[in-house]
Asker: 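Here you go, one structure.
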Amino acid sequence: MALDSDTFDALIAAVRRFVAERLRPLEAQVEADDAVPDAVIAEMRDLGLFGLSIDPDYGGLGLTMGEEVRVAIELGRTTPAFRSAFGTNVGIGSQGLVIAGSAEQKAAWLPRIASGEIITSFALTEPDVGSDSGSVTTRAVRDGDVYRLTGTKRYITNADRADLFTVMARTGEEKGGRGVSAFLVPRDLPGVTVGAPEKKMGQKGAKVADVVFDDVPVPAANRLGADGDGFRIAMQVLDRGRLHIAAVCVGVAERLIADAVAYATSRRQFGKAIAEHQLIQAMIADSKTEALAARALVLDTAVKKDAGEDVILESAAAKYYASEMVGRVADRAVQILGGAGYIADYGVERLYRDVRLFRIYEGTSQIQQLIIARETLKRGE
Ligand code: COS
């Protein structure tokens, strides 16, 4: 159920203030330290950010998708690592449980996820399994009241801090997604090991790492949904996650446009502000047009999702368009800033590296194209 408009407006205003006054001044520090300060995480908890998407019955804010994407756009206006700090709890780390969890599973975990007391991660990708996620090789073998879980998951966001993993593992002999089940795996079970965080191109402060499961005894009660439901659950989680990421891309694009405009209006060449040169204006116009188009697509898709429509195609289209769009916008922002765009102090260089990931995680652009084409062919229009 939607929040009343005053409450939602107050939330947006609080998030906007938090981003502008608290997070943006810390961007260079997060980049240098490759970490989001604990004090900021505590403030995110107080704002309710960890529970944006979780039902109020479990202590969350229970935002609709239409509301969540508007919050995500606001959060996009700063370094993406801040959003990632609670992003898994809002999205891929919690939504398997929200979509397919039993009442007992939800009661056991969701309140602590919503409050940010525990951190969640989504463990689908493996060393040899990326885009073809139906072919996961991690195995969960039933042994009485437990499944014995063995395998390695790769590039797992927030694994370094995670208390609870949603793990997709093969339980049946069927090929492809049909043999895959999903499990809630607490980190403190014996046999769970988290590797060292990877060195990444950008999005410093948001960590990814391997997670190794070595004969981990996962209670059978921790399976999400029925045996063999795991792939479908993971796909539903990603449909939703992709729309959220698309919204973040819109926010980053809006930030980059603002940075480019601020620079172009103050920087003078040939006797006038470079913003008065038409070739600069052309870049600003292209970026603005594309950002508006992406914003409209994101908001429209969220409305459809809230209305209960199937948005597999639209979520993929939003992620595809918005992530590619923000790549172009970042590239133009560097160009408008010229030499300054290539220098770390100005921040645009950092965002240019940060946005590169949006075209890859939660499904590459090529996977989005594949989904969009399949769904269009299925729909016949
Ligand atoms: N919602 C619900 N069910 C879905 C679904 C969705 N979005 N997508 C697929 N399914 C179901 C299908 O209906 C099908 O069901 P049946 O077995 O009953 O027929 C089953 O899942 C298998 O679907 P499909 O045949 O489309 O699977 P493919 O192996 O062809 O894979 C893609 C589909 C490529 C779309 C999927 O593997 C994918 O999204 N890959 C990218 C993964 C990714 O984003 N990784 C990022 C890292 S995780 S942060």
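The basis for the numbers below is simple: all heavy atoms, side chains too, and nothing from hydrogens, waters or symmetry mates. Numbering of ligands and ligand atoms starts at 1, following listing order.
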Asker: Inspect the surroundings of CG in Asp38 and state if more than 12 heavy atoms from other residues, nucleotides or ligands are less than 6.0 Å away.
Answerer: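 At most 12 heavy atoms, drawn from other residues, nucleotides or ligands, come within 6.0 Å of this atom.
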Asker: Test of understanding: given a 4.0 Å heavy-atom threshold, classify the contact between Thr157 and ligand 1 as side chain, backbone, both, or neither.
Answerer: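 Under 4.0 Å from ligand 1, Thr157 contributes no heavy atoms.
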Asker: Can you tell me which residue and heavy atom of the protein come closest to atom 9 (C) of ligand 1, and the distance to 0.1 Å?
Answerer: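 The closest one turns out to be Met235 CG, 3.9 Å.
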Asker: Can you report which non-hydrogen protein atom sits closest to atom 46 (C) of ligand 1, along with the distance?
Answerer: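 Result: Gly363 N, 3.4 Å.
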Asker: Any atoms of ligand 1 less than 4.0 Å from a non-hydrogen atom of Ile371? List them with their elements.
Answerer: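 Near Ile371, meaning under 4.0 Å from one of its heavy atoms, ligand 1 has 35 (C).
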Asker: So, taking the atom named CD1 in Ile41 and the one named CZ in Arg161, what distance separates them when rounded to the nearest 0.5 Å?
Answerer: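 That separation rounds to 4.5 Å.
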Asker: Are there over 12 heavy-atom neighbours, none belonging to Arg178, within less than 6.0 Å of that residue's CZ?
Answerer: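 No.
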Asker: Below 4.0 angstrom, counting only protein heavy atoms, does anything approach atom 41 (C) of ligand 1?
Answerer: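 Yes, there is a protein heavy atom closer to it than 4.0 Å.
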Asker: Protein heavy atom under 4.0 angstrom of atom 12 (C) of ligand 1, is there one?
Answerer: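 Under 4.0 Å from atom 12 (C) of ligand 1, zero protein heavy atoms found.
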Asker: Could you list which atoms of ligand 1 come closer than 4.0 Å to a heavy atom of Ser131?
Answerer: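 Counting atoms of ligand 1 from 1, those under 4.0 Å from Ser131 are 37 (O), 38 (C), 40 (N), 41 (C), 42 (C).
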Asker: Nearest 0.5 Å please: distance from the CG atom of Leu47 over to the CZ atom of Arg22.
Answerer: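 Here the interatomic distance stands at 11.0 Å.
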Asker: Which atoms from ligand 1 have a heavy atom of Ile312 less than 4.0 Å away?
Answerer: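 That gives atoms 1 (N), 6 (C), 7 (N) of ligand 1.
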Asker: Enumerate the atoms of ligand 1 whose separation from the nearest heavy atom of Gln236 is less than 4.0 angstrom.
Answerer: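 Going through ligand 1 atom by atom, the ones under 4.0 Å from Gln236 are 1 (N), 2 (C).
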Asker: Run the numbers for me: atoms of ligand 1, each under 4.0 Å from some heavy atom of Asp239, listed by number.
Answerer: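 That gives atoms 1 (N), 6 (C), 7 (N) of ligand 1.
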Asker: Please write down residue, atom name and distance for the protein heavy atom closest to atom 39 (O) of ligand 1.
Answerer: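 Result: Arg242 NH2, 3.2 Å.
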Asker: Could you tell me whether atom 18 (O) of ligand 1 has a protein heavy atom closer than 4.0 Å?
Answerer: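 Protein heavy atom within 4.0 Å of atom 18 (O) of ligand 1: present.
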Asker: Tell me: protein heavy atom nearest atom 15 (O) of ligand 1, and distance?
Answerer: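 Its nearest protein heavy-atom neighbour is Arg178 NH2, 4.9 Å.
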Asker: Answer yes or no: is there an ion pair linking Arg255 with Glu74, defined by an N-O contact shorter than 4.0 Å?
Answerer: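 No salt bridge links Arg255 with Glu74.
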Asker: Distance from Arg154 atom CZ to Leu124 atom CG, nearest 0.5 Å?
Answerer: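 Going from CZ on Arg154 over to CG on Leu124, the span is 14.0 Å.
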Asker: Give, for atom CG of Leu97 and atom NZ of Lys106, the distance between the pair rounded to the nearest 0.5 Å.
Answerer: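 Answer rounded to 0.5 Å: 7.0 Å.
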Asker: Give me the residue, atom name and distance of the protein heavy atom closest to atom 31 (O) of ligand 1.
Answerer: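 Result for atom 31 (O) of ligand 1: Phe231 CZ, 3.8 Å.
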Asker: What I want to find out is whether Arg187 reaches Asp163 closely enough, with some N-O distance under 4.0 Å, to be called a salt bridge.
Answerer: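 No, no charged N to carboxylate O under 4.0 Å.
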Asker: Can you confirm whether more than 12 heavy atoms, excluding those of Tyr346, are under 6.0 Å from its OH atom?
Answerer: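 At most 12 heavy atoms, drawn from other residues, nucleotides or ligands, come within 6.0 Å of this atom.
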Asker: What's the shortest distance from atom 30 (O) of ligand 1 to any protein heavy atom, and which residue and atom give it?
Answerer: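 The closest heavy atom on the protein side is Arg374 NH2, 2.8 Å.
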Asker: Under 4.0 angstrom from atom 2 (C) of ligand 1, is there any protein heavy atom?
Answerer: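 At least one protein heavy atom is under 4.0 Å away.
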Asker: Just wondering, more than 12 heavy atoms not from Leu377 lying within 6.0 Å of its CG?
Answerer: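 Yes, enclosed.
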Asker: Passes side chain to side chain contact (heavy atoms under 4.5 Å, CB included), Val194 versus Ile156? Steps please.
Answerer: CA-CA 9 Å; Val194 177; Ile156 305 307; over 6 Å; no
Asker: List every atom of ligand 1 that sits less than 4.0 Å from any heavy atom of Ile367, numbering the atoms from 1 in the order shown and giving each element.
Answerer: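 Those of ligand 1 that fall under 4.0 Å from Ile367 are 34 (C), 39 (O), 40 (N), 41 (C).
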Asker: Given that the side chain starts at C-beta and the backbone is N, CA, C, O, which of these parts of Leu238 lies under 4.0 Å from ligand 1, counting heavy atoms, or is it both or neither?
Answerer: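 The side chain, only.
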Asker: Using a cut-off of 6.0 Å, state whether more than 12 heavy atoms not belonging to Tyr155 lie near its atom OH.
Answerer: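 No.
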Asker: I'd like to know if Lys305 and Glu309 make a salt bridge, using a cut-off of under 4.0 Å between side-chain N and carboxylate O.
Answerer: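 Result for this pair is no, no salt bridge flagged.
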Asker: Suppose I only count heavy atoms of Thr125 and a 4.0 Å limit; which atoms of ligand 1 are within that range?
Answerer: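 Within the 4.0 Å cut-off of Thr125, ligand 1 contributes 47 (C).
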Asker: Would you check whether Ser133 reaches within less than 4.0 Å of ligand 1, judged by its heavy atoms?
Answerer: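 Contact present.
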Asker: Give the atom numbers and elements of ligand 1 that come within less than 4.0 Å of a heavy atom of Glu362.
Answerer: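 Within the 4.0 Å cut-off of Glu362, ligand 1 contributes 44 (O), 46 (C), 49 (S).
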